[in-house]
Amino acid sequence: MSERPHGIPVRSLGVLRRALLRWYDVHRRDLPWRRTRDPYAIWVSETMLQQTRVETVIPYYERFLNRFPDLASLADAPLEDVYDSWTGLGYYSRARNLHAAAQTVLDEHAGRLPADVETLRRLRGVGRYTAGALASIAYDREEPLVDGNVIRVLARLFAVREDVGDRLVIERFWQIAGDLVRGARPGDLNQSLMELGATVCKPRAPRCTDCPVRVGCAAADSGEPEALPHKQKRASARALVSVAAWLTRGGRTLAVRRPEGGLLGGLWELPGGELADGEALETGVRRCIHEAVGLRVQSAWRVGQIEHVFTHRRLRLHVFRCSEPEGRVRRAGFAAHRWLTADTLASLPHGGPTRKALALLGEAEASSHRARIRAASAPLG
């Protein structure tokens with residue numbers, strides 16, 4: 001019996017393919033992007049699903065396609081409108097990249113998403129996984145894909161005990177997935193691997209008795225399937241302490257927009273900045289305001305703080321209300337600024353920290369309003 005370079009018999013791969021496809025035909029979830037063959041719609045779904053749960057993506061996917069039903073409508077839309085439809089989904093660079101890539105497809109490929117992975121990977125934001133997903137699912141190309149779910153399934157099946165974060169080990173998974181995908185229905189085969197990892201071969205408490213490839217699975221045979229895959233612990237997220245300020249003038253609040261690129265690129269937020277080690281909050285907020293937007297404030301009142309965890313950073317954001325600022329706005333490090341009503345500010349595309357800060361400010365204002373009402377209604381004397 002012939003074998004592939006990584007030691008898996010060709011016959012075994014055929015048995016695996018048939019078992020996975022039979023299982024997928026019966027047990028796959030009914031997801032909206034599985035009801036279409038439109039490459040554009042599949043591209044939107046694959047972009048949204050990066051680092052985001054299926055349950056979270058579904059309503060965003062449906063609203064996004066209602067607003068941008070085809071590639072041309074997305075390419076022609078202002079980036080602000082794209083951000084607006086993405087607000088709350090997080091990882092906004094995905095929206096920015098999707099928009100830029102759609103313009104490239106419109107300009108260079110007559111509005112048709114390419115079918116080959118080499119051309120797909122030249123599009124902004126389209127990596128190896130997304131290119132494989134689009135080529136196989138949308139165009140029936142025999143192209144593999146590897147994500148966290150696929151890694152977990154393959155590591156357990158074939159007893160891959162090395163660190164799955166290692167580049168050479170990841171390449172081995174791509175080789176195995178590349179062999180598995182060869183044959184009929186490559187898109188469904190790829191989706192069966194992801195579906196199995198998402199619903200059966202889960203990180204904790206895998207349902208081995210429901211697995212279509214349980215027979216011969218090395219991890220299941222060991223009795224400790226959760227021991228795989230093995231991944232070395234990465235360094236803990238860096239602590240970051242910052243301030244954000246609610247500055248009003250003439251009944252309007254100052255908002256600033258970050259430059260494109262980088263963390264939270266292109267999104268709106270309250271002005272502020274990072275505190276120095278050991279810096280007092282009141283001193284720090286006045287310094288940050290002046291350095292960020294050139295304004296001076298005499299007084300600042302701390303409303304509270306919020307916590308937000310990014311992939312490599314853990315943010316503690318202290319939120320302040322300030323006295324009316326003095327001076328003229330002179331931005332440093334921001335792409336734009338606007339004085340806005342509270343409702344307009346809340347409707348702009350912004351990231352998780354700003355959403356939490358605005359909610360905190362709203363709760364504080366509501367609490368203060370209730371206290372004023374109670375004080376006004378209290379009996380005199």
Side-chain angles (χ1 to χ4, degrees), residues 2-21 23-24 39 42-43 45-47 49-52 94 97 101 113-198 200-203 211-213 216-219 225 228-232 234 311:
S2 62
E3 293 188 351
R4 296 295 185 188
H6 41 268
I8 301 172
V10 174
R11 181 178 176 183
S12 296
L13 289 173
V15 171
L16 280 175
R17 289 189 95 262
R18 289 190 292 274
L20 287 166
L21 287 170
W23 174 84
Y24 182 70
I42 294 170
W43 181 26
S45 73
E46 289 297 337
T47 303
L49 286 165
Q50 295 167 15
Q51 298 178 289
T52 307
R94 296 179 297 175
N97 291 339
L113 197 66
D116 64 284
V117 293
E118 291 78 12
T119 308
L120 284 167
R121 291 191 66 181
R122 288 196 286 270
L123 297 175
R124 183 169 165 180
V126 177
R128 192 176 184 181
Y129 163 83
T130 303
L134 292 175
S136 63
I137 298 171
Y139 294 113
D140 286 325
R141 298 289 183 95
E142 294 178 353
E143 296 291 348
L145 56 78
V146 171
D147 70 352
N149 286 319
V150 173
I151 285 175
R152 186 165 56 256
V153 170
L154 297 182
R156 288 173 174 173
L157 270 174
F158 302 115
V160 179
R161 303 187 184 282
E162 297 90 348
D163 175 18
V164 297
D166 181 85
R167 179 181 60 82
L168 293 178
V169 178
I170 293 174
E171 190 58 38
R172 181 184 175 192
F173 289 125
W174 278 97
Q175 292 172 357
I176 298 172
D179 286 336
L180 270 172
V181 80
R182 293 174 188 168
R185 302 171 60 193
D188 285 346
L189 188 283
N190 280 335
Q191 291 186 91
S192 73
L193 283 170
M194 293 189 291
E195 188 79 346
L196 187 65
V200 174
C201 193
K202 297 185 290 187
C211 180
V213 292
C217 173
L228 294 175
H230 169 67
K231 187 172 185 179
Q232 291 184 350
R234 62 187 177 192
T311 304

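What's counted below: heavy atoms across the whole structure, side chains too, no hydrogens, waters or symmetry copies. The residues of the chain are indexed from 1 along the displayed sequence.
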Point-to-point distance, once rounded to the nearest 0.5 Å, from [atom1] of [X] to [atom2] of [Y]:
| X | Y | atom1 | atom2 | result |
| --- | --- | --- | --- | --- |
| Asp166 | Asp163 | CG | CG | 6.0 Å |
| Ile42 | Leu49 | CD1 | CG | 11.5 Å |
| Ile137 | Arg185 | CD1 | CZ | 12.5 Å |
| Asn97 | Leu123 | CG | CG | 10.5 Å |
| Arg141 | Leu120 | CZ | CG | 9.0 Å |
| Arg182 | Leu189 | CZ | CG | 12.0 Å |

_Side-chain touch Leu180/Leu154, heavy atoms, less than 4.5 angstrom_ = yes
*Check whether more than 12 heavy atoms from other residues, nucleotides or ligands sit under 6.0 Å from atom CZ of Arg161, and answer yes or no.*
no
_Would you say CD of Glu171 has more than 12 non-hydrogen atoms from neighbouring residues, nucleotides or ligands within 6.0 angstrom?_
yes
How close do [X] and [Y] get, counting heavy atoms only, and between which atoms?
| X | Y | value |
| --- | --- | --- |
| Leu228 | Val160 | CD2-O, 3.6 Å |
| Arg121 | Ala131 | CG-CB, 3.5 Å |
| Leu196 | Pro212 | CD1-CD, 3.5 Å |
| Ala155 | Phe173 | N-CE2, 3.7 Å |
| Leu113 | Pro39 | CD2-O, 3.8 Å |
| Val213 | Ala19 | CG1-CB, 4.0 Å |

*Given side chain to side chain contact (heavy atoms under 4.5 Å, CB included), test Arg122 with Thr119 step by step and report yes or no.*
CA-CA 5 Å; Arg122 288 196 286 270; Thr119 308; 3.4 Å; yes
Return a table of donor-acceptor pairs under 3.5 angstrom between the side chains of residues 143-151 and protein atoms on other chains or two or more places apart.
{"residue": "Asp147", "atom": "OD1", "partner": "Asn149", "partner atom": "N", "Å": "3.1"}
{"residue": "Asp147", "atom": "OD1", "partner": "Val150", "partner atom": "N", "Å": "2.9"}
{"residue": "Asn149", "atom": "OD1", "partner": "Arg152", "partner atom": "NH2", "Å": "2.5"}

*Under the side chain to side chain contact (heavy atoms under 4.5 Å, CB included) criterion, do Leu193 and Tyr24 qualify, and how do the steps go?*
CA-CA 9 Å; Leu193 283 170; Tyr24 182 70; over 6 Å; no
*Quick one: does Arg156's side chain have a donor or acceptor within less than 3.5 Å of a partner on Pro225's backbone?*
yes
*Answer yes or no: is there a donor N or O on one side and an acceptor on the other, between the side chain of Glu142 and the main chain of Ser136, under 3.5 Å?*
no
_Criterion side-chain hydrogen bond (donor to acceptor under 3.5 Å, both in side chains) on Thr130 and Gln50, from CA distance to verdict_ = CA-CA 9 Å; Thr130 303; Gln50 295 167 15; 3.0 Å; yes
*Dump the intermediate steps for side-chain hydrogen bond (donor to acceptor under 3.5 Å, both in side chains) on Thr52 and Arg94, then the final yes or no.*
CA-CA 11 Å; Thr52 307; Arg94 296 179 297 175; 3.0 Å; yes
*Does the side chain to side chain contact (heavy atoms under 4.5 Å, CB included) test come out yes or no for Ile176 and Phe158, once each step is laid out?*
CA-CA 10 Å; Ile176 298 172; Phe158 302 115; 3.7 Å; yes
*Check Cys201, Cys217, Ser192 against Val153 for a side-chain contact (heavy atoms from CB on, under 4.5 Å) and give me the one that passes.*
Cys201
